[in-house]
Amino acid sequence: MDFGALMFFTDYAISAVDLAKALEERGFESVWAPEHSHIPTSRKTPFPGGGELPKRYYDAMDPFVSLTAAAIATTKLKVGTGVCLVQQRDPIQTAKLVASLDQVSNGRFLFGVGGGWNQDEMEDHGTMFETRFKLMRERIEAMKEIWTRSKAEYHGDMVDFPEIMAWPKPVQKPYPPILVGGGFPQAARRAIRYGDGWCPIGGRPGSSPLDVLAQFRQMARDAGRDPHSLPVTLFDPAEDEGELARYRDMGVARVVVMLLSEEREKILPILDRWAALIRRTAH
């Protein structure tokens with residue numbers, strides 16, 4: 001089982017370069033960056049975590065910029081979006097961003113994607129909340145065409161473009177792993193339909209993704225997919241050796257630690273604590 005760490009990169013937190021170096025030195029496999037393009041002052045949508053929306057959501061840097069810096073500063077550390085809000089991004093431009101980052105990192109990019117929860121935010125991008133998941137699927141399907149064909153075209157209900165040529169192509173073939181974030185069963189179904197892995201959140205009270213792992217794998221088999229081709233990345237794991245061992249033994253491929261947007265002096269001791277857990281439970 002691999003370990004990653006996620007942070008909302010901001011102008012007051014440890015830099016992406018420093019965090020990436022520290023993670024690689026301590027045996028982490030990957031670094032992850034979420035995204036919010038902006039946060040409207042209207043609040044139609046409550047924060048899924050409850051209470052007030054944390055300030056870091058307003059302050060987050062663009063994930064592709066932060067992850068490029070992290071990739072250049074390291075040699076083995078994988079870099080991932082956790083998650084990219086595809087329904088708010090142009091698919092042709094995003095296909096170029098993904099392929100470019102995969103080139104810059106020499107094939108170390110993990111493309112975590114999600115449909116988002118903030119209705120106010122996505123409506124500012126012209127995205128309808130009710131149809132965001134269909135739009136996400138079509139944009140991902142369109143990007144797959146761009147990554148794998150010298151002349152690509154896509155004709156869907158919501159995404160439509162004639163034959164185009166776009167480079168670079170990704171280092172990873174046919175393209176970087178598409179890891180679909182979200183809960184069970186909806187996001188699990190999306191991962192099976194067009195993804196290369198599923199990314200549930202482990203820290204929500206009252207439920208555990210481990211309780212539905214067997215169902216997820218059976219759903220994959222029923223759809224003609226090999227469950228081994230759909231590894232599970234668990235976000236926000238418990239900081240508990242016994243629970244981490246349980247994740248490992250149940251076949252979770254990766255856990256991603258959620259870090260607050262803090263300065264270097266506060267983050268490094270936390271990483272040291274997790275590094276000790278990695279040594280005891282990774283294998």
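These values consider heavy atoms only, across backbone and side chains, with no hydrogens, waters or symmetry-generated copies.
For NE2 of H228, the number of neighbouring non-hydrogen atoms (other residues, nucleotides, ligands) closer than 6.0 Å is 12 at most. Heavy-atom neighbours of K173 NZ from other residues, nucleotides or ligands within 6.0 Å: above the threshold of 12. More than 12 non-hydrogen atoms from other residues, nucleotides or ligands lie less than 6.0 angstrom from CD of Q218. Heavy atoms from other residues, nucleotides or ligands lying under 6.0 Å from CZ of R149 number 12 at most.
Residues L23 and A5 approach most closely at CD2-CB, 3.7 Å, considering heavy atoms. Taking both residues in full, the closest heavy atoms of W274 and P237 are given as CH2-CG, 4.0 Å, listed atom of the first, atom of the second, then distance. Across all their heavy atoms, G197 and L230 have their closest contact at N-CD2, 3.6 Å. Across all their heavy atoms, M61 and S66 have their closest contact at CB-OG, 3.7 Å. When all heavy atoms of M1 and T281 are compared, the closest pair comes out as CE-O, 4.4 Å. Scanning all heavy atoms of the two residues, the minimum distance from T127 to Q87 falls at OG1-O, 2.6 Å.
When atom types are taken as modelled, the side chain of K169 and the backbone of I146 share a donor-acceptor pair closer than 3.5 angstrom. The backbone N or O of P177 lies less than 3.5 Å from no partner atom in the side chain of Q172, so there is not a single donor-acceptor pair. No donor-acceptor distance shorter than 3.5 angstrom exists from the side chain of E35 to the backbone of A60, with no hydrogens or angles considered.
Side-chain atoms of H36 and N118 include no donor-acceptor pair closer than 3.5 Å. Judged purely by distance below 3.5 Å, without hydrogens or angles, the side chains of R189 and Q186 never pair a donor atom with an acceptor atom.
With rounding to the nearest 0.5 angstrom, the CD atom of E52 is 13.0 Å from the OH atom of Y57. Within the model, atoms CG of L268 and CG of D18 stand 8.0 Å from one another, a figure rounded to the nearest 0.5 Å. Atom-to-atom distance recorded for Y247:OH and L213:CG is 10.5 Å, nearest 0.5 angstrom. Interatomic distance, OG1 of T81 versus CG of L6, reported as 10.0 Å (0.5 Å rounding).
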>> Checking Y194 against E141 for the side-chain hydrogen bond (donor to acceptor under 3.5 Å, both in side chains) test, could you report, in this order, the C-alpha distance in whole Å, the side-chain angles of both residues, the deciding distance, and whether it holds?
In response: CA-CA 8 Å; Y194 56 81; E141 290 173 348; over 6 Å; no
